[in-house]
Colleague: 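I'd like to ask some things about the structure below.
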Amino acid sequence: MREYLKKLNAVQKKAVLQTEGPVLVIAGAGSGKTSVLTARIAHLIDSGVPIDSILAITFTNKAAGEMKTRVQQIVGNYGRMIWISTFHSFCVRLLRQEIDAGGVYSRNFVIYDESECEIIIKECLRELNFDDKRFKPSYVRGIISRSKNEMQTYKKFQELAVDPFEKNVGEIFELYTKKLIENNALDFDDLLLITVELLKKNTEVLKKYQSKFKYILVDEYQDTNHVQYLLTKMLAKVHHNIFVVGDVDQSIYGWRGADIKNILDFEKDYPEVKIINLEQNYRSTQIILDAANCVIKNNNERRPKNLWTENHSGEKVISYNAIDERDEADFIVRHIRELHELNEKYSDCAVLYRANSQSRAIEEGFLRAGIPYSIVGGYKFYERKEIKDVIAYLKLLYNQSDSISLQRVINVPRRGIGGTSMKYLREYAINNNISLFEASSRADEINQLTGKARTAFSEFSLLMFKLAGEQGKRELPDFIDYILRETGCLAELELAKTPENDARVENLKEFIGVAQDFVKSDTDGSVAEFLTHIALVTDLDKAESEDDRVKLMTMHSAKGLEFPYVFIAGMEEGLFPHARTLMNEREIEEERRLCYVGITRAMKRLYLLRSRVRSIFGQISVNTCSRFIDEIDSVHLEESEGQGVSWSKDKRLHTMPITAYAVSTRTHFDGKEALLKKTNSTATSAWRCGDKIVHNEFGNGTVVEVKGEGEKMLMKAVFPGLGIKSLMAKFAPIKKI
DNA sequence: CGTCAAGCCCTTTTT
DNA sequence: GGGCTTGACG
């Protein structure tokens with residue numbers, strides 16, 4: 001028997017070997033579903049199934065990447081060719097081939113992220129003369145998104161609209177749709193929606209993919225939305241070999257349109273389905289599982305299951321009542337340090353939280369202590385201004401209809417083109433039914449423009465033609481470098497030597513590095529694929545597990561992962577469950593499932609932390625303990641008696657003026673990297689993490705991060721009471737002490 | 001046209 | 001507490 005089969009238990013093996021017909025695997029947390037999925041793929045290949053007739057769909061790129069790696073480990077390099085991807089990247093791949101069959105978009109479409117979509121919505125509001133206070137772009141975008149996830153286009157939405165507000169949203173929706181088409185741009189939801197529409201309308205294309213994919217596997221099926229449901233159903237219609245894996249208790253994307261019914265009703269869709277329950281947990285101790293079960297059993301909307309383990313009972317779940325978020329962070333730091341002294345790896349520890357905004361306080365704790373950490377997800381590299389600017393140049397060069405990108409870069413660097421000139425340009429473009437790009441090349445025909453603006457537009461379009469001429473001639477990283485130099489983006493940043501500009505230049509270099517990695521990876525190295533890559537692959541996906549760092553992330557991001565030591569921070573009513581869910585029982589249940597996901601990430605030891613006082617929006621708020629802690633039977637819990645835990649502290653809290661906690665000890669810094677990066681040339685190799693230094697201005701401090709060497713060396717140091725400062729060792733007035 | 005300060009609303013989670 | 005828009009001024 002094959003090695004990968006030997007490792008499986010009887011039930012898992014059954015799931016792997018049942019290759020024909022629909023199969024539903026109910027996989028409890030930690031029951032080895034990834035092993036089952038990879039073994040099944042390997043088994044299919046072993047049985048002679050052609051590799052290009054297997055389609056595996058996951059929810060995150062990270063999961064897809066991991067599965068690909070594991071399949072390759074079993075079947076060898078040949079496994080590279082397999083279709084393992086997220087729904088979204090699968091759809092892009094299909095659309096790049098087929099989208100012109102729909103007759104609306106062309107293959108060089110670009111993908112708009114949320115902020116770009118909101119800009120479009122703002123344009124719609126302006127044109128329709130709607131108030132952007134009443135129709136908040138982010139809110140309207142949410143409505144449109146949910147609607148598309150329900151497979152509703154604007155026409156359907158307009159039919160269903162009852163009140164005046166909805167009717168107005170329907171108008172916005174319609175104009176929004178038209179504008180995306182004009183820009184030859186798709187939003188995230190379109191990637192799925194347009195694919196399904198295309199397959200529905202175009203039977204030739206549908207047949208092609210239906211017959212191609214003989215075996216379809218879908219991971220995290222409980223998180224599929226209606227469009228995704230339709231897509232899998234259509235693709236599986238001919239061969240009926242559809243294998244879905246999921247766990248109702250881990251459904252945490254209802255707010256994104258995920259519908260638990262898809263998994264609950266799978267049997268109705270496929271009456272001949274084989275149902276397999278994976279109930280043995282290999283991950284956690286008995287006590288951790290008990291705690292998780294205590295919480296989840298309070299949900300009504302679920303299918304009871306019996307998750308069990310042969311693991312020993314283990315340690316009790318440790319709870320801690322922190323005074324404030326700084327105390328909470330310090331508790332985590334103390335305990336991780338302790339674990340590290342006992343030879344546990346930093347990378348075996350994870351801190352999970354409900355909202356990204358919680359990462360700040362915890363991050364500061366790690367910086368103070370000099371503990372290496374990395375934040376997964378959250379504020380993204382690709383959202384930095386300078387990065388978005390280069391991407392916009394690439395997008396515009398790739399797709400000249402993209403007016404959003406044009407408007408982003410037209411005055412970057414400053415070319416003296418302002419709002420008034422842009423207004424005339426837009427009017428001209430609309431009147432002549434041409435793109436902004438074409439309008440700018442015909443600026444001399446626009447009478448209202450000042451001579452200066454006319455020249456600026458003409459020079460801009462000449463520059464773009466020049467850049468476009470180099471596209472394809474140069475390798476991608478070189479092309480990006482060329483853009484940065486020719487446009488003057490780089491020169492503008494290098495003009496004024498500020499730490500901020502230095503950081504931006506460093507970020508741009510890192511972006512070129514991303515392009516270099518991309519070219520080396522398994523792609524065609526084209527601008528098209530690169531743009532798709534950066535639109536769909538967030539830095540969440542490059543969680544470098546090999547280096548020894550504590551991982552910080554939301555519980556959503558943590559799904560599918562496991563860690564020996566897990567800290568869940570912010571177990572407070574209003575934060576978790578989040579205040580915005582408190583009014584609605586269904587949403588509370590989703591929060592509870594999220595808690596279940598969080599708890600079941602832990603293998604050996606779980607810490608549940610809560611803070612009595614927390615500052616939210618710069619306001620101090622006092623929170624009570626999360627109901628989820630109360631739901632855990634106290635026999636599984638043990639209150640930590642570390643510093644600041646006892647009643648005496650608690651009483652002291654009430655006698656102290658609460659504003660005392662509002663005092664911030666940190667100076668402002670812009671993201672982890674932005675202001676912290678500097679370069680250095682002299683005696684740089686002398687600096688190491690943990691070095692105590694004295695700075696002429698800031699006083700005593702500790703080096704917490706050193707990156708690069710020689711000219712490229714970047715360092716970060718923390719100064720008590722001042723926070724983290726970025727230092728250019730070359731210029732910084734620092735001495736080792 | 002560009003800059004700066006005051007005031008706004010906000011953060012739930014992500015492909 | 002902070003990022004973004006707005007409006008006054010140079």
Side-chain angles (χ1 to χ4, degrees), chain A residues 57-64 85-92 111-115 118-119 122 132-133 136-139 142 145 148-149 186-193 220 223-225 227-228 251-258 325 352-361 376-380 383 385 411 413-422 450 452-453 456 532 534-541 553-559 570 574-582 587 590-591 593-595 597-598 614-621 662-664 666-671:
Chain A
I57 294 178
T58 60
F59 254 76
T60 62
N61 294 292
K62 190 173 54 192
S85 62
T86 62
F87 272 108
H88 290 82
S89 40
F90 168 76
C91 289
V92 174
I111 301 163
Y112 279 172
D113 65 21
E114 273 163 42
S115 64
E118 283 174 25
I119 293 172
K122 277 182 209 162
D132 64 356
K133 295 269 187 308
K136 289 215 172 61
S138 58
Y139 183 66
S145 172
K148 286 184 177 179
N149 285 330
L186 275 66
D187 65 22
F188 279 128
D189 307 306
D190 283 337
L191 297 175
L192 306 166
L193 178 79
E220 310 279 15
D223 282 327
T224 49
N225 62 34
V227 179
Q228 291 164 337
S251 165
I252 54 175
Y253 286 100
W255 51 275
R256 212 172 77 191
E325 60 261 76
L352 310 182
Y353 36 78
R354 174 70 238 265
N356 279 308
S357 55
Q358 288 170 257
S359 68
R360 266 282 154 89
V376 181
Y379 305 102
K380 295 182 192 86
E383 282 169 14
K385 181 193 175 295
N411 208 28
R414 284 181 191 82
R415 298 185 175 93
I417 296 170
T420 323
S421 306
M422 279 310 294
T450 62
K452 200 178 122 213
T532 303
I534 55 186
L536 298 181
V537 178
T538 59
D539 30 293
L540 180 68
D541 305 313
M553 70 189 91
T554 63
M555 281 174 273
H556 281 90
S557 301
K559 190 157 81 152
L575 185 59
F576 191 35
H578 196 272
R580 291 180 67 146
T581 65
L582 294 178
E587 289 182 44
E590 181 152 314
E591 295 284 293
R593 290 192 292 269
L594 184 60
C595 185
V597 168
R614 188 177 291 278
S615 73
I616 297 172
F617 306 139
Q619 293 259 305
I620 300 297
S621 67
V663 178
S664 168
R666 183 172 57 82
T667 52
H668 165 72
F669 64 93
D670 175 24

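Just so it is clear: chains get the letters A, B, ... in the order the sequence lines come, proteins before strands, and each one is counted from 1.
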Colleague: Find the distance A:Phe617:CZ to B:dC10:C1' and express it as a whole number of Å.
Modeller: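 Interatomic distance, CZ of A:Phe617 to C1' of B:dC10: 5 Å.
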
Colleague: Using whole Å, what does the distance between atom P of nucleotide B:dC10 and atom CD of A:Gln358 come to?
Modeller: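 Rounded to the whole Å, the gap is 19 Å.
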
Colleague: Look at all strands and tell whether A:Phe576 reaches a base, only sugar-phosphate, or nothing, counting heavy atoms closer than 4.0 Å.
Modeller: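 No contact at all - A:Phe576 keeps every heavy atom at 4.0 Å or more from the nucleic acid.
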
Colleague: Do A:Glu590 side-chain atoms and A:Gly254 backbone N/O form a donor-acceptor pair below 3.5 Å?
Modeller: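 Indeed, once roles are kept as given, a pair shorter than 3.5 Å links the two residues.
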
Colleague: When you measure from the side chain of A:His556 to the backbone of A:Ile252, do you find a donor-acceptor pair of N or O atoms at a distance under 3.5 Å?
Modeller: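 Judged by distance alone, yes, a pair lies under 3.5 Å.
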
Colleague: If I take atom CD in residue A:Gln619 and atom C1' in nucleotide C:dG2, what distance separates them, rounded to the nearest angstrom?
Modeller: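 The answer, rounded to whole Å, is 14 Å.
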
Colleague: With sequence neighbours excluded, tell me which residues meet salt bridge (charged side-chain N to carboxylate O under 4.0 Å, His left out) with A:Glu220.
Modeller: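 With neighbours one apart ignored, the set is A:Lys33, A:Lys559.
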
Colleague: Among the nucleotides B:dT12, B:dT15, B:dT14, which one has an atom lying closest to any side-chain atom of A:Tyr253?
Modeller: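 Nucleotide nearest to A:Tyr253's side chain: B:dT14.
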
Colleague: List the residues meeting salt bridge (charged side-chain N to carboxylate O under 4.0 Å, His left out) with A:Lys136, not counting sequence neighbours, and say none if there are none.
Modeller: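 If we apply the salt bridge (charged side-chain N to carboxylate O under 4.0 Å, His left out) test to A:Lys136, skipping adjacent residues, there are no hits.
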
Colleague: Quick check: does any side chain N or O of A:Glu325 sit under 3.5 Å from a backbone N or O of A:Ser615, one acting as donor and the other as acceptor?
Modeller: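 Yes.
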
Colleague: Go through the structure and list residues passing ring-ring contact (aromatic ring centres under 6.0 Å, His included) with A:Phe188, not counting sequence neighbours.
Modeller: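 So A:Phe188 forms no ring-ring contact (aromatic ring centres under 6.0 Å, His included) with any residue.
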
Colleague: For C:dC4 and B:dT13, measure between their P atoms and round to the nearest Å.
Modeller: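 One P to the other, the span is 16 Å.
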
Colleague: Where each residue is assigned the nucleotide of DNA chain B containing its nearest heavy atom, which of A:Ala453 and A:Leu192 is assigned the position nearer the 5′ end?
Modeller: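 The residue closer to the strand's 5' end, by nearest nucleotide, is A:Ala453.
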
Colleague: Between C:dG3 atom P and A:Glu118 atom CD, what is the distance in whole Å?
Modeller: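 So the two atoms are 17 Å apart, to the nearest Å.
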
Colleague: Which residues satisfy the side chain to side chain donor-acceptor pair (under 3.5 Å) test with A:Arg414, sequence neighbours excluded?
Modeller: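 Expected list: A:Glu492.
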
Colleague: From the options B:dC1, B:dT12, B:dC10, select the nucleotide whose nearest atom is closest to the side chain of A:Ser421.
Modeller: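 So the side chain of A:Ser421 is nearest to B:dC1.
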
Colleague: If you check every side-chain atom of A:Glu591, which of B:dT15, B:dT14, B:dT12 has the closest atom?
Modeller: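 The listed nucleotide nearest to A:Glu591's side chain is B:dT12.
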
Colleague: Polar atom pairs between nucleotides 2-5 of chain B and protein, under 3.5 Å, N or O only, would you list them?
Modeller:
unit_1	atom_1	unit_2	atom_2	d
B:dT3	OP2	A:Arg414	NE	3.4
B:dT3	OP2	A:Arg414	NH2	3.3

Colleague: Within the distance-only criterion (no hydrogens, no angle test), does the side chain of A:Asn411 pair as donor or acceptor with the backbone N or O of A:Ile417 below 3.5 angstrom?
Modeller: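 Yes, A:Asn411 side chain to A:Ile417 backbone: donor-acceptor pair under 3.5 Å.
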
Colleague: If I take atom CE in residue A:Met555 and atom P in nucleotide B:dT14, what distance separates them, rounded to the nearest angstrom?
Modeller: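 The answer, rounded to whole Å, is 11 Å.
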
Colleague: OP1 or OP2 of B:dT14 sitting under 4.0 Å from any side-chain N/O of A:Thr60?
Modeller: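 For B:dT14, neither OP1 nor OP2 has a side-chain N or O of A:Thr60 closer than 4.0 Å.
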
Colleague: Which listed nucleotide (B:dT12, B:dC10, B:dT15) is nearest to the side chain of A:Lys136?
Modeller: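 When the side chain of A:Lys136 is considered, B:dC10 is the closest of B:dT12, B:dC10, B:dT15.
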
Colleague: Looking only at the side chain of A:His578 (C-beta and beyond, no hydrogens), which of the listed nucleotides B:dT12, B:dT15, B:dC1 gets closest?
Modeller: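 The nucleotide sitting nearest to the side chain is B:dT12.
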
Colleague: Hey, is the side chain of A:Lys559 poking within less than 4.0 Å of OP1 or OP2 on B:dT14, counting only N and O atoms?
Modeller: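 No.
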
Colleague: Rounded to whole Å, how long is the line connecting atom CD1 of A:Ile252 with atom C1' of B:dT13?
Modeller: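 Going from A:Ile252 (CD1) to B:dT13 (C1'), I get 8 Å.
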
Colleague: If I take atom NZ in residue A:Lys385 and atom P in nucleotide C:dC4, what distance separates them, rounded to the nearest angstrom?
Modeller: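 Going from A:Lys385 (NZ) to C:dC4 (P), I get 11 Å.
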
Colleague: Contact class for A:Ser89 vs. all strands (heavy atom < 4.0 Å): base, sugar-phosphate, or nothing?
Modeller: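 No contact.
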
Colleague: Mind checking what makes salt bridge (charged side-chain N to carboxylate O under 4.0 Å, His left out) contact with A:Arg614, not counting sequence neighbours?
Modeller: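 Salt bridge (charged side-chain N to carboxylate O under 4.0 Å, His left out) list for A:Arg614, sorted by chain: A:Glu328, A:Glu572.
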
Colleague: Indicate whether OP1 or OP2 belonging to B:dT14 is found under 4.0 Å from a side-chain N or O atom of A:Asn356.
Modeller: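 Yes.
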
Colleague: Can you tell me the distance, in whole Å, between the CD atom of A:Glu587 and the P atom of B:dT12?
Modeller: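 Atom-to-atom, A:Glu587 to B:dT12, this comes out as 11 Å.
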
Colleague: Any base atoms under 4.0 Å from A:Glu590, or only sugar-phosphate, or nothing? Heavy atoms, all strands.
Modeller: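 Contact class for A:Glu590: none.
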
Colleague: Quick one: is A:Thr581 getting a side-chain N or O under 4.0 Å of the B:dT12 phosphate, OP1 or OP2?
Modeller: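 So the side chain of A:Thr581 is outside the cut-off, no N or O lying under 4.0 Å from OP1 or OP2 of B:dT12.
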
Colleague: Should A:Asn61 be listed as having a side-chain N or O under 4.0 Å from OP1 or OP2 of B:dT15?
Modeller: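 No, A:Asn61 has no side-chain N/O under 4.0 Å of OP1/OP2 on B:dT15.
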
Colleague: Is it the case that B:dT15 (base atoms only) and A:His88 (side chain only) share a donor and an acceptor within less than 3.5 Å, ignoring hydrogens and angles?
Modeller: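 It does, because a donor-acceptor pair links the side chain of A:His88 to the base of B:dT15 below 3.5 Å.
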
Colleague: Can you say whether a donor on the side chain of A:Arg580 sits under 3.5 Å from an acceptor on the base of B:dT12, or the other way round?
Modeller: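 No pair found.
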
